[in-house]
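Scope of the values below: all heavy atoms of this structure, side chains included, with no hydrogens, waters or symmetry mates.
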Amino acid sequence: MATTTLPKSKNGNIHIRISADAKEIIEKAVVVSGQSLTDFATRSLLSSANALLEREYTTTLSNRDRDRLLSLLDNDIEPNDGLREAAEIHKKLITK
């Protein structure tokens, strides 16, 4: 059976099904915004996606924890035996 490979387009498509009520509200917002439906949907989805990813990948420290972390980073303390051993184990595992 022969297969056909289609060229990759520069643009992607997202197809969704929404309720009639949701569609009506979105269409009103599109008109008010003065954007095309594609631009409105793209900007809205990207805004939501970026906000979600920022919440997921951002760690917020308390003032105490921030000060402790910065203090540890500023110290020029030599690694202890446990840290040296962990580094050796890591090196052996990674270079395999």
Side chains of [X] and [Y], heavy atoms from C-beta outward: is any pair under 4.5 Å?
| X | Y | result |
| --- | --- | --- |
| Leu83 | Asn80 | yes |
| Leu69 | Leu73 | yes |
| Thr59 | Leu61 | yes |
| Leu72 | Ile77 | no |

For residues Leu53 and Leu45: do they belong to one hydrophobic cluster (side chain heavy atoms under 4.5 Å, members Ile, Leu, Val, Met, Phe, Trp, Tyr)?
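Per the 4.5 Å side-chain linkage, Leu53 and Leu45 are not co-clustered.
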
Please say yes or no: joined through hydrophobic side-chain contacts below 4.5 Å, possibly via intermediate residues, are Phe40 and Ile18 part of one cluster?
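Linked, Phe40 and Ile18 end up in one cluster.
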
For Asp67, is there any backbone N or O sitting under 3.5 Å from a side-chain donor or acceptor partner on Ser71?
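Pair absent, no side-chain N/O of Ser71 close to backbone of Asp67.
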
Short side-chain to backbone donor-acceptor contact, Thr42 and Thr38, under 3.5 Å
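Yes; at least one donor-acceptor contact below 3.5 Å.
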
Working note: Leu37 + Ile26, criterion side-chain contact (heavy atoms from CB on, under 4.5 Å); need CA distance, chi angles, decisive distance, verdict.
CA-CA 8 Å; Leu37 176 58; Ile26 292 168; 4.0 Å; yes

With sequence neighbours left out, what residues match Asn75 under side-chain hydrogen bond (donor to acceptor under 3.5 Å, both in side chains)?
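For Asn75, no residue satisfies side-chain hydrogen bond (donor to acceptor under 3.5 Å, both in side chains) once neighbours in sequence are set aside.
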
For the pair Arg84 and Asp81, evaluate salt bridge (Lys or Arg N to Asp or Glu O under 4.0 Å) and give the outcome as yes or no after the intermediate values.
CA-CA 5 Å; Arg84 282 191 193 94; Asp81 292 337; 3.4 Å; yes

Does Lys23 pair with Glu27 as a salt bridge, N-O distance under 4.0 Å?
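The answer is yes: the pair qualifies as a salt bridge.
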
From [atom1] ([X]) to [atom2] ([Y]), nearest 0.5 Å:
| X | Y | atom1 | atom2 | answer |
| --- | --- | --- | --- | --- |
| Ser62 | Arg68 | OG | CZ | 12.0 Å |
| Gln35 | Ser44 | CD | OG | 7.0 Å |
| Arg55 | Asn50 | CZ | CG | 11.0 Å |

Please determine whether the number of non-hydrogen atoms from other residues, nucleotides or ligands lying under 6.0 Å from atom CZ of Arg66 exceeds 12.
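It does: Arg66 CZ has more than 12 such atoms within range.
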
Ile16 and Ile14: which non-hydrogen atoms are nearest, and at how many Å?
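Minimum heavy-atom separation between Ile16 and Ile14: CG2-CG2, 3.9 Å.
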
